Enquirer: 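Structure in structure tokens, see below.
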Amino acid sequence: MNRFEGKVVVITGAGNGMGKAAAHRFASEGAIVVLADLYQGALDKVHSELIAEKTLCVKTDVSNEAEVKNLIDQTIKNFNKIDILINNAGVHIPGTILDGSIQDWEKISSVNINGAIYCSKYALPHLIESKGCIVNNASVSGLGADWGAAYYCVSKGAIVNLTRVLALDFGLQGVRVNSVCPSLVKTNMTNGWPEDIRNKFNERIPLGRAAEPEEVAAVMSFLASDDASFVNGVNLPVDGGVTASDGQPKIV
Ligand code: NAD
Ligand code: ADP
Ligand code: HBR
């Protein structure tokens, strides 16, 4: 499939995990990919795995408005348009509202919420021009709540509703906005979690395992493609069935 030939795709948090998997997926389907991450080393590694002329790396802290503006400016300067924005960069800090410091909240909200707001705000004029789309990486943690992850869940709830408000406000201008909502995915974010916690997740996931980053990237690519031309404002669980449960305990 070459669904993204000629398309310019901006991916944040592209140095690792699902962002990196998305970079590979979109590139494998013909896209020009613009990779943004905090870490130049991680970007260089992904760059080296892709076609050089169809890849641009822009070291970007998405929580910094000026750096996001630079990311969009560099993309336009090099490729003259943006077709797809993948708001993927994110951080996780566990804890209840009493455990977590105000600095934890500032970190989570500035990266997870402000980052998606800044990228959307500066990319949207170009997406309106190209009749493009946005795919956010939210989480099942934004569809419902988890114990002991207060700030993270609040931030992901904001992304779920950001998806909806952008879908309403820009649908008539031809821009679609959707999100993926994964449960546990095997990335740097979660690989260090204690084994007993990961096992508890596996017990609650009807498919019995965490997702591979590529399984989420595949859904991002579907939502960004013309195959999803009438899908708009959807927060799509990619969760092995977690949200099929009403939350009552597993007794069998
Ligand atoms: P990851 O840690 O493997 O990758 C995240 C990437 O984002 C890293 O390369 C990191 O350097 C980058 N990043 C962090 N802060 C940044 C900033 N300020 N500016 C630019 N880049 C920044 O994690 P992942 O699991 O691939 O996470 C991707 C997204 O998926 C996040 O939004 C996360 O909340 C969400 N998510 C993760 C899981 C999971 O189980 N791993 C589940 C649901 C949703
Ligand atoms: P295994 O599951 O046998 O440990 P994998 O190849 O499936 O090995 O896992 C690759 C990486 O993902 C390893 O670093 C491992 O620690 C991590 N990992 C494995 N299972 C999970 C899980 N349920 N949740 C998060 N990370 C996991
Ligand atoms: C585990 C999952 O809900 C996450 C890190 O978002």
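Quantities reported herein were computed from a predicted structural model and do not represent experimental measurements. Ligands are counted one by one from 1 in listed order, and the atoms in each one are counted from 1 as well.
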Enquirer: Can you name the residues that form a ring-ring contact (aromatic ring centres under 6.0 Å, His included) with Y118, not counting sequence neighbours?
Expert: none
Enquirer: Hey, can you pull the donor-acceptor pairs under 3.5 Å for the side chains in residues 66-74, sequence neighbours left out?
Expert:
unit_1 : atom_1 : unit_2 : atom_2 : d
E67    : OE1    : D61    : N      : 2.7
N70    : OD1    : Q74    : NE2    : 3.3

Enquirer: Considering only NZ, NE, NH1 and NH2 on the basic side and carboxylate oxygens on the acidic side, decide whether E5 and K54 come within less than 4.0 Å.
Expert: yes
Enquirer: Give a yes-or-no answer on whether the side chains of N199 and E203 include a donor-acceptor pair shorter than 3.5 Å.
Expert: no
Enquirer: Thinking salt bridges, do K59 and D37 make one under a 4.0 Å N-O criterion?
Expert: no
Enquirer: Tell me whether W193 shares a hydrophobic cluster with I205, the cluster being built from Ile, Leu, Val, Met, Phe, Trp, Tyr side chains joined at under 4.5 Å.
Expert: yes
Enquirer: If you measure from the Lys or Arg side-chain nitrogens to the Asp or Glu carboxylate oxygens, is any gap between E215 and R209 under 4.0 Å?
Expert: yes
Enquirer: With no hydrogens and no angle check, is any side-chain donor or acceptor of R176 less than 3.5 Å from a backbone partner on V135?
Expert: no
Enquirer: Hey, is R198 close enough to D196 for a salt bridge, meaning N to O under 4.0 Å?
Expert: no
Enquirer: Write none if no such pair exists; otherwise list each N/O atom of ligand 3 with its protein N/O partner under 3.5 Å and the distance.
Expert:
unit_1   : atom_1 : unit_2 : atom_2 : d
ligand 3 : 3 (O)  : S139   : OG     : 3.2
ligand 3 : 3 (O)  : S141   : OG     : 2.7
ligand 3 : 6 (O)  : S139   : OG     : 2.7
ligand 3 : 6 (O)  : Y152   : OH     : 2.7

Enquirer: Near ligand 1, which residues have a heavy atom under 4.0 Å away from one of its atoms?
Expert: G13, G15, N16, G17, M18, D37, L38, Y39, T60, D61, V62, N88, A89, G90, V91, V111, N137, A138, S139, Y152, K156, P182, S183, L184, V185, T187, N188, M189, T190
